[in-house]
Each structure stands twice: as C-alpha cells, then as structure tokens.
There are 2 protein chains.
Amino acid sequence: MAVSMDDDVPLILTLDDSGSSTSAPLDDLDREELPNENGGSYDVINDASSPAAGDCCAQQSSARHNWEMNYQEAAIYLQEGENNDKFFTHPKNAKALAAYLFAHNHLFYLMELSTALLLLLLSLCEAPAVPMLRLGIFVHATLELFALIVVVFELSMKMRWLGFQTFIRHKRTMVKTCVLFVQFIEAIVVLVRQTSHVRITRALRCIFLVDCRYCGAFMNVFLFFRNLRQIFQSLPPFIDILLLLLFFMVIFAILGFYLFSPNHSDPYFNTLENSLVNLFVLLTTSNFPDVMMPSYARNPWSCVFFIVYLSIELYFIMNLLLAVVFDTFNDIEKRKFKSLLLHKRTAIQHAYRLLITKQRPSGISFKHFEGLLRFYKPRMCARERYLTFKALNQSNTPLVSLKDFYNFYEVVGLKWKAKRNREHWFDDLPRTAFLIFKGINILVKSRVFQYTMYTVVAVNGIWILVETFMLQGGNFFPRNVPWSYIVFLTIYGVELLLKTTGLGPVEYLSSGWNLFDFSVTLFAFLGLMALAFNMEPFYFIVVLRPLQLLRLFKLKKRYRNVLDTMFELFPRMASLGLTLLIFYYCFAIVGMEFFAGVVYPNCCNTSTVADSYRWVNHTVGNKTVVEEGYYYLNNFDNILNSFVTLFELTVVNDWYIIMEGVTSQTTHWSRLYFMIFYIVTMVVMTIIVAFILDAFVFRMNYTRKNQDSEEDNGIVLEKEISKEEVIGIIELYKRSSAATDTAQLQKIVLQMDKYGQMSMLFLGRRSRTKSDLSMKMYEEEIQEWYEEHSRKEESQTPLQEPASASNSSLKPVSLRQRSQTVI
Amino acid sequence: MAVSMDDDVPLILTLDDSGSSTSAPLDDLDREELPNENGGSYDVINDASSPAAGDCCAQQSSARHNWEMNYQEAAIYLQEGENNDKFFTHPKNAKALAAYLFAHNHLFYLMELSTALLLLLLSLCEAPAVPMLRLGIFVHATLELFALIVVVFELSMKMRWLGFQTFIRHKRTMVKTCVLFVQFIEAIVVLVRQTSHVRITRALRCIFLVDCRYCGAFMNVFLFFRNLRQIFQSLPPFIDILLLLLFFMVIFAILGFYLFSPNHSDPYFNTLENSLVNLFVLLTTSNFPDVMMPSYARNPWSCVFFIVYLSIELYFIMNLLLAVVFDTFNDIEKRKFKSLLLHKRTAIQHAYRLLITKQRPSGISFKHFEGLLRFYKPRMCARERYLTFKALNQSNTPLVSLKDFYNFYEVVGLKWKAKRNREHWFDDLPRTAFLIFKGINILVKSRVFQYTMYTVVAVNGIWILVETFMLQGGNFFPRNVPWSYIVFLTIYGVELLLKTTGLGPVEYLSSGWNLFDFSVTLFAFLGLMALAFNMEPFYFIVVLRPLQLLRLFKLKKRYRNVLDTMFELFPRMASLGLTLLIFYYCFAIVGMEFFAGVVYPNCCNTSTVADSYRWVNHTVGNKTVVEEGYYYLNNFDNILNSFVTLFELTVVNDWYIIMEGVTSQTTHWSRLYFMIFYIVTMVVMTIIVAFILDAFVFRMNYTRKNQDSEEDNGIVLEKEISKEEVIGIIELYKRSSAATDTAQLQKIVLQMDKYGQMSMLFLGRRSRTKSDLSMKMYEEEIQEWYEEHSRKEESQTPLQEPASASNSSLKPVSLRQRSQTVI
C-alpha cells in the first residue's frame with residue numbers, strides 16, 4: 001500500500017473505464033471481491049514511508065489495491081465529515097494525499113498547538129513583561145521568529161495538500177497567511193532595531209490558536225471564521241438595538257444636562273460629555289446611587305429621572321439586547337448543528353458509495369466495513385469492529401444498508417465491554433470470606449450507612465464552623481494535631497476501607513463520587529501528615545479542610561443532577577471560557593501597548609476618583625497610618641496584571657474608577673477602550689449566562705419527562721454475540737492473516753467455553769455529547785432538514801453535472817477518477 | 001323577571017320531573033320554544049329591584065321564565081370561566097344570586113379598589129409620614145376604621161353569596177378575613193391609645209389590593225393565593241440551589257478567613273462573620289475590587305481565590321438559581337394557562353347544556369344565543385350579537401354546535417365594523433377638491449415624503465445635540481425664541497397639516513404612530529408658547545425637546561416591532577411591576593417600622609462606610625467647602641424615601657453602604673432584612689428579565705416564521721351579512737318588541753339599499769392578548785390537554801354521581817334543580 005504514497009507510482013494501478021458517467025461512484029465498483037489478506041495496511045496512515053510495507057505490498061493485485069484505496073478514502077471522507085472540513089479540501093491526488101496524511105496526525109496537531117501557545121506566551125516576556133520572566137529583546141524576538149517559521153512550515157504543508165487554487169480560496173487559511181506575514185515583518189523589525197515598537201498586531205496572535213485543530217473544533221463562537229456571511233447577517237439586529245440604547249442615552253444626556261447642570265454641586269452633569277459618560281456608566285449601574293445623590297439632595301423628585309432612565313435602558317432595552325444576542329447565538333448554534341449534521345450525512349454517503357460493490361449494491365459487507373475501520377480507527381480491536389458492525393446493522397442481514405450506515409458516528413464512539421457474569425468481586429472466594437464480604441457489601445449499600453456518613457460529614461462541617469468561629473485571630477495552626485481532626489479522619493478512613501472491600505476496588509473507583517470521596521480523604525490525610533510533622537509549606541492543605549463538606553452534595557438527587565449537567569456541559573463551557581480568554585488576550589495586548597505604566601500611587605489626584613488611587617503615609621501621634629486606595633494595582637503593567645484588571649472590568653462593579661484613573665492620565669479617547677470592552681464582555685457573558693440557563697432548563701424539562709426512568713448514564717447499547725459468529729469472524733481473519741486479531745477473538749471463544757455459554761452479551765457505552773443533546777432538542781426539525789437536503793441534492797446533481805467537475809459538488813468524485821484527470 | 005329575585009317567589013315556577021337522572025341537564029330542556037317577547041330582560045342584572053319590571057313580568061309564562069333564568073345562569077358560568085372563579089362558588093339559590101349580581105358589578109369593584117388603595121395610601125400619612133401629608137392619629141385611624149368597615153361590608157356580601165360553608169372553604173377569602181380582623185383590632189388599639197405601636201401587620205394591607213377584582217386578574221405572580229400547594233411544590237428546587245449557594249459561601253468564608261485574616265490591613269476577613277457578610281456582598285459584586293485589594297496588594301496570587309469564588313458562585317450557581325426560577329415560573333405560567341383553558345372549556349360546556357333544547361340537542365339557535373349575550377355583554381348591539389353568532393357558526397347550519405361554541409371567548413371580544421366602502425374621506429367631494437386631496441394623499445404616502453421627514457428629524461436631533469454641546473453652562477433658556485426652533489416646528493406643523501388633510505383626521509389619528517407624532521408636535525408647540533410668553537414654570541416642556549427624536553423610531557421595522565411587542569407585553573409587564581410594587585410596599589412598611597430615623601448625617605462614623613454618610617462644613621481659606629456623602633438621604637424616614645431606598649437596593653450597586661449604615665446604627669440582625677430583600681428582588685427581577693427575554697425570543701421566532709405575511713394587526717375576522725339575513729333578524733326582534741335593536745338593524749338595511757348592495761362585509765378586530773400568544777406557544781400540547789381533560793371528566797362523572805350532589809362536581813347542576821332542593 002505504501003507504494004501508492006510514492007510520487008512516481010500512479011495512485012491507482014488499474015481503473016475500469018466507467019468513471020465518466022453520472023452514476024460513476026456506483027459504476028466503478030465492479031471489482032472482484034477478494035479477501036483482504038494484508039491485515040497491516042492501516043499502517044499506511046501511521047507509517048507511510050515504511051519500505052518493508054512497500055515491498056510487501058507491491059505484489060498485491062490491483063483489485064486489492066483498489067479496495068485499500070477505497071477504504072482509506074472513505075475513512076478520510078468520514079474524518080472530514082466529523083471535523084466539518086469542507087469537501088473541496090479533499091486531497092485530489094497522491095501528492096496531496098501524502099501531505100494530507102502528514103498534516104492530519106496527532107504529532108502535527110501537537111506542533112501546531114505548541115507553536116500557537118509559544119507565540120501567545122511570548123507576551124509574558126516581551127516589553128511590559130512580568131518582572132520574573134523578562135527576557136532580552138534578542139531572545140524573545142528570536143523565539144518568535146522560530147515559532148513563525150514553524151507556522152510557515154505548517155502552512156506550506158497545507159498548501160501542498162490543498163493545492164494553490166484551493167489554498168487561495170480557503171478564507172481562514174488566507175487570513176492566517178496575512179497575519180503571519182505581518183508578524184514576520186514586525187519580528188524582523190524588532191530584531192533589527194533591537195527595540196519594541198507599538199505592536200498591537202500581537203493581539204492577532206490568537207488566530208494561530210483558533211486555527212489549530214485541537215482548539216478550532218472547540219470554539220463555537222469562532223465559527224465566524226468559517227462563515228463570515230452568517231455573522232454579518234446576524235449582526236444588524238444587535239447593532240439596531242445598540243443604537244436604540246445609545247439613542248435613548250443621548251436623549252437622556254441632553255435632558256440630564258438641562259435639568260441638573262444648574263446645580264453646581266453636581267459634578268456628574270456639568271458638561272454634555274460628562275452627562276453622556278455618566279449615563280453610560282449608569283447603564284452598568286456602577287455609579288448608581290452616587291450619580292443621583294447631588295440632585296436628589298436638592299430636589300427629591302429628581303429621582304424620577306434616574307428611575308425612568310434605568311427602567312427603560314437597563315431593565316428594558318438591555319434585556320432586549322440580551323434577547324437579540326441570545327436569539328442570534330441560538331440561531332447560529334442551530335444552523336451550525338444543522339450544517340454539521342448534513343455535512344456528516346453527505347460524508348457518510350460518500351463513504352458508503354466507496355464501500356459497496358456492484359454485485360451487492362444494497363449494503364456494505366463486514367469485510368469492507370472492517371477495512372474502513374482499520375483506517376478510520378486504527379486502535380480499535382477486532383472484537384470492537386465486529387460489535388460496531390453489529391450495532392449498526394439493524395436489519396439482521398449480512399449487509400449494512402445506507403439507512404443503517406447513517407448512524408455511523410453515533411455508534412463508532414461506543415466503548416464495548418463484556419457484560420459482567422459475576423455480581424461481586426468476591427464471588428469466587430471461599431464460603432466464609434464470601435459471607436463476610438457479602439455482609440460488608442450489604443452494609444455499605446444500605447441507606448443507614450449512607451445517612452450515617454452524611455451525618456458525620458455534617459457534624460464535621462458544623463465542628464469546623466464552630467472551631468473557626470471561636471478562633472478569632474491568633475494561632476491558626478496548632479502545634480499538636482487536634483483530636484477532632486483525628487477522629488473524623490479515622491471515620492472517613494474506615495468508610496473508605498469498608499467501601500473498597502465491600503464493592504471491590506474496581507467498582508469503587510468506577511464511580512466518580514467515590515473517587516471524589518477518596519481524594520478528599522487522601523487530602524485530609526496529607527493535611528494530617530503536614531500538621532503532625534510540622535511541614536509549614538503544606539499547611540494550605542489544612543486550610544482546604546472545609547472542602548470535605550462537598551461530600552454532602554451526594555445527598556440530594558438534584559445536586560447530583562446539577563453536577564452531572566455541569567460535566568456534560570463542560571466542553572461547551574470550556575469552549576466559551578477559552579473564547580473569553582482569547583478576547584482577554586486581545587484586549588490585554590492593546591491595553592498594555594497603550595496604558596502600561598500610566599497608573600501609579602497618587603497618580604490621579606486631579607480626577608474625581610483620586611481617593612481610590614491615594615497612597616498616603618500619615619503619622620498620627622506615634623503611629624504610622626497608611627491610607628491606601630489600592631486601585632493603582634489595577635493596571636496594565638504586564639499581561640498578568642492586565643488579565644486581573646480585565647476580570648475586574650468584567651465583573652463591572654466600580655469599573656469606572658479604573659476607567660477614570662486611566663483616562664485622567666491619558667486622553668478622553670481611552671474611554672472608548674473600556675466601553676468597547678464592556679460591550680464585548682457583556683455579549684460574551686450574556687451568551688454564557690443564556691447558555692447555562694438554556695442547558696439547565698432543557699435538562700430540567702428532560703428529567704421531568706423521564707421521571708420514572710433510571711438516572712441516565714450516557715448512551716448505552718446492548719449486543720449479543722453467539723459463538724458461531726465469533727468462529728466465523730476468526731475464519732475471516734485467519735484468511736487475511738491478522739494474527740493479533742485472531743488471537744483476541746479466540747480468547748472470547750475460550751471464555752464462552754469456560755462458562756459454558758453459547759453467546760456473550762456486550763455493552764457499548766459512551767457519555768452523552770453535545771450533539772446527542774442537540775439531536776434531542778431539534779428532533780422534529782431534523783427529519784425536515786434531511787428531506788430538504790436530499791431534495792436539494794437531487795435537484796443539484798443534474799444541474800451541476802454539465803457545468804464542470806466543480807470541487808464543491810456534493811457528489812463524491814473518488815480519488816481514482818480525479819487522479820486520472822491529473823495524470 | 002325581577003320577580004324571581006324576590007325571596008318569596010320560587011325561582012322556577014314549573015319544573016319537569018326529569019331532573020334526577022344522570023343526564024339531567026339535557027333532559028330538563030324540553031321546554032316550549034316560545035319567542036322571546038320581553039327584550040329588556042337583561043335589565044335584571046342592572047336593575048334587579050325595579051318594581052315595574054316585576055309587575056310586567058309576573059304575567060310571563062313559566063317557559064319564558066325558565067329561558068331567562070337559563071340565559072342568566074349560562075352568562076354567569078361564562079363569566080366564571082373567564083375570571084377563573086371556581087364553580088363551587090357558583091350561586092346556589094335566589095338569595096345567593098342577588099348577592100352575586102350585587103358583588104359582580106363595576107361599581108362594587110370600584111369600591112373594592114378604592115378602599116384597598118385608601119388603606120395603602122394611609123401609610124403616606126401615618127406615623128413616619130411624608131412631612132407634607134402628615135395627619136393626626138385620630139384622623140388617619142378613623143379613616144382606616146372606615147375603610148375596614150367597607151371591607152367588612154364587602155366580605156359580608158360575599159358570604160351572603162357563597163354561603164357560610166363555601167365561605168370557610170374559600171382559602172383566599174379566609175386569609176383576607178383574618179387579616180381584616182387583625183387590622184381592625186390594631187386600628188382600634190391605635191385609636192384608644194392615641195399613639196401608633198409597631199405595626200408591621202400594615203404590610204399585609206396589600207392583600208386587599210391583591211384580592212380586588214381589577215387587580216387580582218392582573219397579578220399572575222400572586223396566583224399562589226389561588227393554589228398554595230402549587231407554590232410549595234415548586235419551592236424546593238429553589239431552596240436547594242439557594243442552599244448550595246450558601247454552602248459554598250460558608251466554605252469560602254472559612255477558607256478566606258484562614259487565608260486572609262493574618263493580614264491585619266485587611267478589614268474584610270478579620271472575623272468569620274465579616275468574612276461571610278463580605279462574601280455575600282461579593283455575590284452581588286457590590287464590593288468587588290475593593291474586597292480583593294488588601295490581599296491582592298500583599299500577594300498577587302490571592303486574586304485566584306476571588307476569581308474562583310466569583311466563577312463558581314456568581315457565574316455558575318447564580319445562573320443555576322435563575323434557571324430554576326425561570327423554569328418554575330414558566331411551569332407555573334403554563335399550568336395556570338392550562339387550568340384556565342380547561343376551566344373556560346368546562347364553563348362553555350355548562351353554558352352550552354343550559355342553552356340547547358330537547359328538540360334540537362345538536363346546537364344553540366340564534367334566539368338562545370342572543371338571549372345569552374344580552375346577559376353576558378349587555379352593551380353589545382343587535383348587529384354585533386348576530387355577527388358574533390355568525391362568526392362562531394362555522395357549519396352554516398342555523399345551530400351553533402358545541403365544537404363551534406368552544407371558540408366563544410375568542411370571538412366574543414371582537415369589535416365589529418363595517419368594511420369601508422369608500423377608500424378616502426374625500427371621495428364624495430367635487431372633482432377639483434378630490435384631485436387636490438388625492439395629490440396630497442399620494443404625496444403623504446410616498447416614501448420620499450417619509451424619508452424627507454426622517455431627515456428633518458435627524459437634522460433637528462443633531463442640531464439640538466450641537467446646540468447643547470456649545471451651551472456649556474450659563475443661559476439655558478434664551479429670552480427670545482431661537483429661529484431654529486421655529487423653523488423645525490413649522491416643518492412639523494406643515495407635515496401634520498398635510499397628513500391630516502391627505503389621510504383624513506379619522507384615519508390619521510387611528511394610527512398610534514401618527515398620534516405620537518401629533519402629541520410630540522403639540523408639546524413642541526406648547527414649549528414654543530412657553531418660551532414666547534416667558535412662562536417660567538412651563539420651561540420643562542422646552543427641556544423635553546429631545547423627545548422629538550423618538551419619531552425616528554418609525555424608521556426601522558425592527559423598532560416598530562420592538563414597540564409593538566412592548567405594547568403587547570404591557571399587561572404582563574404591568575402585572576409584574578405591580579407585584580414588585582407590592583413587595584416594595586411590604587418591605588417599606590417593615591423598613592419604616594424598624595429603621596425610621598436611624599440614619600442621619602455623620603451617623604456612622606464608627607463604621608467602615610463612614611465616608612458615605614459624612615457631612616462636613618470645611619472652611620478652606622475664605623471658602624466654605626461642603627463635603628457630602630449624601631448616603632444619609634437613603635433612609636426609611638417615610639414611605640416615599642423608603643421606596644427610593646428600596647429601588648437603590650434593587651439596582652444593587654453599592655447597596656452594602658446602605659446596609660452597613662443601618663447596621664452600624666442598629667443591630668447585626670438588620671442585615672437579614674437587606675439580604676432577604678436582595679434575594680426577593682433578585683427572584684422577581686429574574687422573572688421580569690426572563691419574561692422579557694422569552695417574549696422577545698418568541699416574537700422573533702414568530703416573525704421569522706411569518707416573514708412573508710403582512711405585519712399583523714391583532715386578530716381579524718371577516719364576515720358577510722346578506723340583506724335577507726338582516727331582514728330575518730329584524731322580524732325576530734320585532735316579535736320580541738326590541739325597538740332599539742330593530743331600529744339599528746333597519747339602518748343597516750337602509751345603508752345597503754343606498755349603495756345598492758345585496759350584502760355587507762364586516763370586520764371583527766381585536767388586539768392579540770396574552771392568551772392568544774400562549775395558545776400559539778403551546779399549540780401542540782393543547783389538544784393533548786383537551787383529550788386528557790375529557791377522559792378525566794368521563795371517568796369522573798359516573799363515579800361522582802352516586803356519591804352526593806357535590807358542589808365541586810364538574811357536571812353543571814342548574815339553578816332550578818338546586819333551588820328545588822332548597823325549597
């Protein structure tokens with residue numbers, strides 16, 4: 001097989017001359033159905049240049065070659081479907097395939113990620129650097145150049161795979177190339193001048209992270225890199241409402257200026273600009289009662305102005321804005337899910353057409369399915385491959401139809417395990433031991449035991465609370481270990497022991513909750529050690545003692561539900577969090593370039609927020625009193641400080657103090673930075689909030705519907721395999737001389753013989769993913785989408801066919817055909 | 001008819017002896033179908049004791065009596081259905097009916113409302129009174145007693161109608177009675193002692209407002225008065241999450257205390273109590289960067305503690321809490337909608353059974369339908385009654401079937417108008433005038449004209465902005481009117497004139513937008529007058545000038561949509577706002593009782609928030625500088641001040657300053673008041689926010705679906721009436737000697753003759769209500785509910801029948817039957 005990777009050998013050795021008709025993919029399947037003799041052919045993916053494999057394969061017949069090529073291409077289609085890669089980036093010839101395989105490799109991904117991270121982390125050491133990490137300009141500029149060269153290498157690999165034409169058309173890659181170009185020039189300029197200039201473009205570095213495979217799949221919000229038109233379509237409503245907001249703000253600013261500027265003790269409305277800025281800040285409620293107070297003191301009815309303003313702007317239009325953001329986000333999510341779903345479907349169709357034969361066009365036989373899986377998931381063992389096939393095949397015929405094959409992505413992720421024959425780990429022990437362990441098992445599983453433990457934890461919690469309450473200052477870390485600590489720890493230890501023996505270590509640790517108990521107890525034990533041996537640096541463990549109370553969580557089903565939902569949502573939350581971090585990064589770079597070093601103690605004595613930046617060393621009597629405003633700490637002096645400052649801005653409260661401090665040291669235009677940041681984070685936070693809200697409401701409705709059913713443990717599938725089936729597959733594998741596979745299958749037969757069973761039950765399990773939830777959510781619409789999609793496809797095919805062999809056509813054009821046109 | 005209202009005369013004069021079988025309501029309808037000769041019989045409702053009517057009716061036949069009674073009872077059923085009154089409060093006999101009619105009367109409702117308002121407004125004048133409204137104790141206590149006596153009268157009427165048994169079983173009324181009793185005793189105590197004591201129970205006064213018919217239907221949130229069990233069912237999840245929140249707060253408080261109390265410059269964590277309070281305040285972000293600063297200054301990594309705390313508590317659990325509140329609220333709304341829908345359906349069934357005859361059991365004839373409407377909507381004219389009948393009757397038979405009758409509530413609210421024959425108001429004018437007006441009409445309707453006006457408004461806006469910007473302090477109100485003002489006003493005046501003449505005054509003013517234009521221009525004109533004649537007190541009108549910019553709103557369809565949605569939502573928003581006000585009232589009373597007068601300038605010099613309460617009169621050089629903290633203005637000294645203070649607490653920012661100020665003057669326990677208030681308003685605000693969000697998202701989806709259809713103008717129905725039909729109805733009315741009705745219908749015939757039409761089109765129109773939106777929202781589920789409901793009813797009927805003549809039975813037991821058992 002590896003031969004086909006070499007440039008000189010044509011990708012396909014023989015080709016049937018039927019490829020030009022419209023039904024090409026189905027017609028070119030009249031190959032011989034030969035057994036698949038080379039079991040190691042998936043090595044091609046991992047070990048493309050192995051000469052040994054090349055030698056051995058050179059003697060294979062052309063039909064077998066064809067099949068291997070088909071398997072590989074089908075696997076690539078399925079991967080593209082999964083990763084939402086457009087099909088026009090599908091490798092078109094042998095050279096492209098080699099580059100494709102090289103660039104779709106965990107090592108390559110890792111390189112991508114680490115260069116991106118290196119570039120991002122460089123800002124820790126550049127110009128306004130974190131003091132401890134400061135590097136010479138020569139050092140960090142060289143590092144940057146190195147990283148950029150790696151990116152150039154990555155891009156050139158991509159170009160090799162995509163071809164120049166496609167490369168230009170691929171928007172995301174083009175943006176990346178431009179950014180790379182700018183960065184390159186700037187890095188060289190820095191190296192030559194030996195000094196940093198204002199490099200706001202550093203904020204663009206995150207593009208490398210976003211484009212990197214490991215993160216790209218992760219960040220939903222950045223899908224606008226994929227479809228810019230979509231985001232532009234959904235922007236206008238947002239801008240409309242924002243304008244409405246600003247419009248009312250201007251009206252109220254003028255009104256406020258007219259109403260309150262005659263009052264000379266009111267500093268908030270003395271000019272129109274102040275009036276505007278203060279009403280913007282009022283929108284964030286950050287200056288609320290204060291901004292009202294001077295006018296309220298003069299005339300109590302002036303509060304009406306503020307109440308009306310807040311009611312209209314904050315409680316109405318702001319919510320409207322959130323509604324629009326929420327709606328847009330949901331719409332984008334839905335459209336993205338739809339396009340991904342249809343994309344996957346198309347990918348499956350492409351793969352399917354490559355795997356059926358002319359003789360049997362109604363489905364895929366196990367042999368071919370197995371060949372596909374060897375490329376698609378090289379790590380899968382023979383048993384799992386067969387179980388996946390069985391799980392897909394719902395018609396009980398030897399072929400998997402297209403309809404069944406559509407479930408490919410749902411089924412292929414399942415982890416298969418034999419259903420346990422033994423109930424407990426101690427079933428095989430002698431009678432006495434069995435009875436003892438059985439007793440422990442029953443005890444451990446009893447409600448009494450559970451509730452006793454909860455009581456102990458609760459008592460422990462109250463104990464800690466009271467102990468802390470009594471301990472007003474003074475000796476926090478007693479020299480000798482307090483007895484209460486030992487008592488509770490002993491109880492936890494006994495519980496741990498009982499549970500481990502009663503349930504068996506494997507079952508005990510398979511539950512996340514037990515794992516949590518275990519680690520908490522371990523931590524407490526480490527804390528005890530730290531106390532007992534007076535290890536000062538580990539005292540923080542003692543401080544973490546209250547975390548033991550978290551065990552009480554298990555008590556209520558609702559809490560468990562909450563935590564389960566949390567874990568389920570984690571990938572999406574992480575993606576949103578990462579997005580937020582990237583925004584932070586951009587703003588931090590811009591902030592550092594403009595505001596580094598402008599804020600320091602007593603810097604802003606002329607501004608209205610002077611108090612917050614004060615640092616005075618009074619001497620009252622014989623005592624030195626330090627009056628500190630502390631706000632000078634919220635600066636942009638290095639990237640870590642900037643992140644903290646930006647977090648404070650995100651929390652919004654008193655953000656205007658930071659803004660006014662910076663503004664008083666720079667220009668009025670600095671306010672724009674803070675205001676834009678406010679709007680951006682508001683949008684992102686809204687999406688996060690709306691998202692959590694949505695997920696939980698959905699979850700609650702879901703549990704309400706399925707109240708009687710058991711707690712759900714993700715997706716579970718059960719399949720039975722009979723002995724004859726296994727023996728049949730062994731025969732198949734024996735012919736294709738796959739020794740490890742055969743051995744593994746024979747083990748199953750042995751096991752069946754041992755327990756005298758004629759068949760064996762296997763459980764396929766995987767955790768519920770975002771896609772599963774979405775499937776449930778849009779259940780009704782999905783069928784419509786499918787129908788619409790297939791209608792569109794049908795109508796498109798005859799239309800597009802005569803036009804050109806367009807790459808974006810949905811009709812799969814197999815590698816062979818294309819390579820023919822290339823050669 | 002009125003005779004039947006007298007106690008001595010039996011309600012039903014003759015009764016067929018078939019009332020005891022299970023199908024009673026259908027069986028007892030074998031009355032003669034006599035024409036309805038007394039057209040004024042609905043006067044019974046309005047004028048029950050008129051002796052003349054009594055005399056005249058005493059001679060009527062029993063069958064006609066029966067029919068009138070049936071009409072009235074059916075109308076009562078339908079009213080009960082609409083108002084969601086339980087059927088067990090259905091009047092059971094003639095005495096009860098009289099009381100029922102007395103208590104369901106707009107005069108009575110008005111009395112209810114005004115007593116409730118009087119009681120609420122009394123707190124303006126009681127003990128910590130608004131200075132200008134202070135009344136002597138004797139005066140306000142007497143007023144209170146008077147109002148309470150009126151409430152006693154109302155309750156006694158209710159008891160008369162419900163009967164003692166039902167009165168006791170009616171929870172809401174019982175609560176009201178208890179509150180009334182307490183209030184009565186307290187009022188007397190105040191009168192006797194001539195001094196006010198701590199009267200927290202005054203907070204309960206709002207029950208009178210909630211129970212009052214005009215408001216009760218209005219306040220969804222108070223439905224827990226209707227179904228306490230429901231609210232208790234939905235409370236646990238909320239409390240669970242709240243506990244989770246507090247639980248983490250305690251853990252972090254302990255941690256924070258351990259971590260930060262060694263730092264003596266950190267006042268926020270020096271005791272466990274401070275630690276807890278500050279973390280609670282941190283949850284509201286109100287003290288955010290400040291609480292972190294002392295520890296952050298010492299060790300930059302301590303920010304991790306705060307970031308983790310805020311991420312978990314504020315951004316995760318808090319959202320969870322909101323999700324639970326939102327979910328619960330939605331669930332309650334849905335359940336309430338469902339129960340109301342089914343209740344209405346049952347009411348319609350009851351009414352239907354009273355209106356069909358034995359001879360024609362398949363539907364209601366127009367005669368009986370008309371009789372019902374005369375009781376149900378006395379103000380409806382004959383034409384509208386017939387149109388309603390036609391709108392209901394979809395089968396084109398002379399009878400309205402039960403299926404059609406189910407739409408009763410949707411159709412009965414329609415306002416019917418003849419579809420205009422003339423397109424413009426000037427169609428009948430002479431040719432020249434017609435052409436001129438037609439020209440104006442075309443001009444006014446043209447896009448060019450519209451956009452010119454928008455441009456003028458925009459220029460005006462920019463003008464005002466620039467003018468204001470140039471005007472930095474000084475002479476705000478020029479002695480002579482500025483020319484720009486006159487120019488713009490002239491343009492607006494010309495626009496108004498053109499539009500009025502072009503469209504005709506009626507059509508012009510029928511559009512809300514034109515009305516808005518008109519009033520804005522009028523205001524501007526008044527402002528001009530004020531300026532021209534130097535009327536100082538009216539200068540505020542000049543200040544309102546920027547409001548003219550609101551006209552730009554029309555420009556975008558989206559804004560119009562927003563405003564339309566706003567108006568559509570207005571009833572629900574108002575109901576939520578009213579609910580919030582009632583909460584405010586309760587908290588204000590409690591706040592006033594405990595904290596009136598505790599806060600004053602320089603009151604809190606020992607607390608950490610001393611600065612905010614400072615009022616110092618420095619003399620720097622020869623100038624007097626007043627240093628004001630102003631926060632002493634946020635007090636509970638009277639109910640108006642309390643409301644402003646509570647609004648500030650609702651906005652949340654810096655609320656802890658108010659809390660700490662009060663706490664430093666009273667006890668630590670005062671914090672509970674503020675914390676509870678925070679949680680309550682958070683929940684209410686969440687509901688408001690969630691509600692706005694939900695409504696807009698729903699609206700947006702709705703408009704997205706119906707993009708091609710025209711802008712919707714509420715519910716519109718079109719019905720055609722032919723001349724023959726009208727003449728037929730006139731015949732019917734002539735027989736029943738209803739002179740006004742006949743005259744009105746004859747006018748229609750005349751109009752048809754004038755234009756030579758054989759038929760006339762009528763448009764029925766009403767605005768979309770909350771119920772319509774909900775109908776759309778739950779479209780799919782409604783059918784299920786109906787089926788479930790009818791199943792349940794079927795299974796219940798045979799079960800309940802033999803048990804007893806239970807009042808809560810869903811099967812309607814007609815007045816007649818019950819009156820028989822009473823006699």
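Note on naming: letters A, B, ... go to the chains in the order of the sequence lines (proteins, then strands), and numbering restarts at 1 for each one.
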Undergrad: For B:Asn299, which residues count as a side-chain hydrogen bond (donor to acceptor under 3.5 Å, both in side chains) partner, sequence neighbours excluded?
TA: none
Undergrad: Any non-hydrogen side-chain atom of B:Trp655 less than 4.5 Å from a side-chain atom of A:Phe288?
TA: no
Undergrad: Supply the atom-to-atom distance A:Leu314 CG to B:Met685 CE, rounded to the nearest 0.5 angstrom.
TA: 7.5 Å
Undergrad: Pick from B:Ser265, B:Pro294, B:Ala297, B:Ala253: which one has the most heavy-atom pairs with chain A under 4.5 Å?
TA: B:Pro294
Undergrad: Based on non-hydrogen pairs under 4.5 Å, which of B:Phe647, B:Phe248, B:Phe316 is most in contact with chain A?
TA: B:Phe647
Undergrad: Any chance you could measure B:Leu276, atom CG, to A:Leu465, atom CG, to the nearest 0.5 Å?
TA: 7.5 Å
Undergrad: Does any backbone or side-chain atom of B:Ile657 lie under 4.5 Å from a heavy atom of chain A? Answer side chain, backbone, both or neither.
TA: neither
Undergrad: Examine whether an atom of A:Asp290 lies under 4.5 Å from a heavy atom of chain B, and if so say whether it belongs to the side chain, the backbone or both; otherwise answer neither.
TA: both
Undergrad: Would you check if A:Asn653 and B:Pro289 make a side-chain contact, meaning some heavy-atom pair closer than 4.5 Å?
TA: yes
Undergrad: Do A:Met292 and B:Tyr630 have side chains that approach each other closer than 4.5 Å (heavy atoms only, starting at C-beta)?
TA: no
Undergrad: Taking side chain as everything from C-beta outward and backbone as N, CA, C, O, which of these in B:Val652 sits under 4.5 Å from a heavy atom of chain A? Side chain, backbone, both or neither.
TA: neither
Undergrad: Quick check: under 4.5 Å, non-hydrogen atoms only, which of residues 302-311 of chain A neighbour chain B?
TA: A:Cys303, A:Ile307, A:Leu310
Undergrad: Checking heavy atoms, do the side chain of B:Thr645, its backbone, both or neither come under 4.5 Å from chain A?
TA: neither
Undergrad: Tell me, side chain or backbone of B:Pro300 under 4.5 Å from chain A's heavy atoms, or both, or neither?
TA: neither
Undergrad: Less than 4.5 Å to any heavy atom of chain A: does that hold for the side chain of B:Tyr315, its backbone, both, or neither?
TA: both
Undergrad: Hey, which of A:Ile251, A:Val250, A:Leu640 has the most heavy atom pairs under 4.5 Å with chain B?
TA: A:Ile251
Undergrad: Taking side chain as everything from C-beta outward and backbone as N, CA, C, O, which of these in B:Ser612 sits under 4.5 Å from a heavy atom of chain A? Side chain, backbone, both or neither.
TA: neither
Undergrad: Output the distance between atom OH (A:Tyr632) and atom CE (B:Met293), rounded to the nearest 0.5 Å.
TA: 9.5 Å
